[in-house]
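Beneath this line is the structure, given in structure tokens, with notes to follow.
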Amino acid sequence: MADLGNPQNTIDVLRRHQFTFQKKFGQNFLIDPRVLEKIIRAAQVGRDDFVLEIGPGIGTMTQYLAEAAREVAAVEIDDKLIPILEETLKGYDNVTIIHGDILKVDVEKLVQEKNQGRPVKVVANLPYYITTPIIMGLFESHVPLDSITIMVQKEVADRMRVGPGTKDYGALSLAVQYYARPEIVANVPPNCFIPRPAVGSAVIRLTRHEAPPVQVQDEQLMFRLIRGAFNQRRKTLVNALRNAPGLGLSREEAEAALDRLGLPLNIRGEALTLEQFAGLANLLSAKSEGNTGG
Ligand code: SAM
């Protein structure tokens with residue numbers, strides 16, 4: 001089958017199948033072989049690897065992955081793309097196409113079947129409208145992960161890797177950095193895709209931490225605190241937490257916790273590091289355990 005890294009071959013396939021792009025599925029197909037090669041290199045895909053690809057489109061990156069990996073499973077939602085994928089990937093016996101919504105597929109079961117539960121590499125040019133739920137879903141599930149190497153909107157890649165004191169810092173930065181080490185691999189301009197997206201893109205590699213970088217007794221509480229802090233990011237942390245649903249925290253309790261951590265009472269959530277959010281969660285979970293204990 002023709003190499004789809006060559007843009008003319010992509011155009012031929014699209015024409016022959018009279019394919020029309022669906023905006024609602026975030027369809028922007030890669031047509032630049034240098035970018036494709038960069039993604040495969042950054043993902044460090046090797047002969048022993050099982051790779052999960054999200055949204056294969058017409059199978060361009062899938063071809064590159066199939067050449068490099070032991071086995072590839074690719075999950076595609078658009079039924080119009082399934083017959084195209086069957087054609088473009090005909091020459092590969094190590095690719096399984098799964099027709100479905102990645103947010104509904106049981107990835108844990110898939111990885112158990114295909115990789116005996118060993119860590120998987122996820123590689124994708126993601127549909128941008130669901131970047132965050134896909135990434136968070138993977139991290140929060142019990143799927144054993146080695147790394148996630150993905151094309152995302154440039155601004156979202158920036159949000160994933162920045163620390164306190166920048167406008168892009170937020171709940172996504174903290175969540176990603178709790179689970180993984182982010183590295184930008186490449187900035188990718190709109191002309192590397194067909195059709196061209198309205199925004200710049202970047203490839204980011206998220207390498208899963210073997211152990212979390214901070215010790216936290218109650219992860220869920222830490223993420224509730226983080227969400228509470230950034231839902232009202234212009235307020236002081238004390239006011240944001242006092243108003244946050246589900247936390248049940250009084251002003252006095254929030255102020256006492258900040259005081260114990262040596263933080264000023266008028267600090268905003270956007271100034272806290274991951275370590276400080278973990279510290280806050282540990283203080284507050286110790287307090288609520290103390291309460292239940294009488
Ligand atoms: N990998 C291809 C490439 O690089 O040329 C296509 C990438 S395109 C940005 C995103 C792909 O994800 C599209 O093929 C789209 O149909 C598919 N997609 C969108 N939402 C999806 C979902 N919920 N589950 C699985 N695939 C999805």
Which heavy-atom pair separates [X] from [Y] by the least distance, and what is that distance?
X      : Y      : result
Ala281 : Leu221 : O-CD2, 3.5 Å
Leu145 : Pro119 : C-CB, 3.8 Å
Leu284 : Ala257 : CD2-CB, 4.1 Å
Pro33  : Gly5   : CD-O, 3.2 Å
Leu258 : Ile267 : CD1-CG2, 4.0 Å
Ile40  : Met61  : CD1-CG, 4.4 Å

Sub-3.5 Å donor-acceptor pair from the side chain of [X] to the main-chain atoms of [Y], do we have one?
X      : Y      : answer
Thr207 : Ser147 : no
Asn125 : Asn28  : yes
Ser173 : Gly163 : no
Glu53  : Val123 : no
Gln217 : Leu283 : no
Arg205 : Ala42  : yes
Glu87  : Ile84  : no
Asp146 : Lys121 : no
Ser201 : Met151 : no
Asn282 : Gln215 : yes

Is it true that atom [atom1] of [X] has more than 12 heavy atoms of other residues, nucleotides or ligands lying nearer than 6.0 Å?
X     : atom1 : answer
Arg15 : CZ    : no
Arg34 : CZ    : no
Gln18 : CD    : no

To the nearest 0.5 Å, what is the distance between [atom1] on [X] and [atom2] on [Y]?
X      : Y      : atom1 : atom2 : result
Asn239 : Arg268 : CG    : CZ    : 11.0 Å
Asp78  : Ile58  : CG    : CD1   : 12.0 Å
Thr166 : Asp158 : OG1   : CG    : 9.0 Å
Asp32  : Asn6   : CG    : CG    : 11.5 Å
Glu155 : Met160 : CD    : CE    : 11.0 Å
Tyr169 : Thr273 : OH    : OG1   : 6.0 Å

Given Tyr178, which of Phe277, Phe223, Phe139 fulfils the ring-ring contact (aromatic ring centres under 6.0 Å, His included) condition? Phe223
Does a side-chain heavy-atom distance below 4.5 Å link [X] with [Y]?
X      : Y      : answer
Leu272 : Ile226 : no
Ile194 : Pro7   : no
Arg70  : Asn94  : no
Val238 : Arg251 : yes
Gln153 : Thr131 : no
Tyr129 : Lys24  : no
Phe19  : Lys80  : yes
Val199 : Lys154 : no

One pair to check against side-chain contact (heavy atoms from CB on, under 4.5 Å): Val188 and Lys38. What are the steps and the verdict? CA-CA 11 Å; Val188 183; Lys38 227 180 223 179; over 6 Å; no
Apply the test side-chain contact (heavy atoms from CB on, under 4.5 Å) to residues Val152 and Ile204: give CA-CA distance (whole Å), side-chain angles for both, the deciding distance (0.1 Å), then the verdict. CA-CA 7 Å; Val152 296; Ile204 189 163; 4.1 Å; yes
For a quick check under 3.5 Å, do Tyr179 and Glu140 share a side-chain donor-acceptor pair by atom type? no
With no hydrogens and no angle check, do the side chains of Ser141 and Glu108 hold a donor and an acceptor under 3.5 Å apart? no
Let's go through Asp3 and Tyr64 carefully: what are the C-alpha distance in whole Å and the side-chain angles of both, what is the deciding distance for side-chain contact (heavy atoms from CB on, under 4.5 Å) to 0.1 Å, and is it a yes or a no? CA-CA 9 Å; Asp3 167 18; Tyr64 284 69; 3.7 Å; yes
What residue among Leu65, Val72, Ile39 forms side chain to side chain contact (heavy atoms under 4.5 Å, CB included) with Val45? Leu65
Go through the steps to decide whether Lys235 and Asn243 satisfy the test side-chain contact (heavy atoms from CB on, under 4.5 Å), and finish with yes or no. CA-CA 10 Å; Lys235 295 205 162 146; Asn243 295 331; 3.5 Å; yes
Any salt bridge between Arg41 and Glu37, counting N to O under 4.0 Å? no
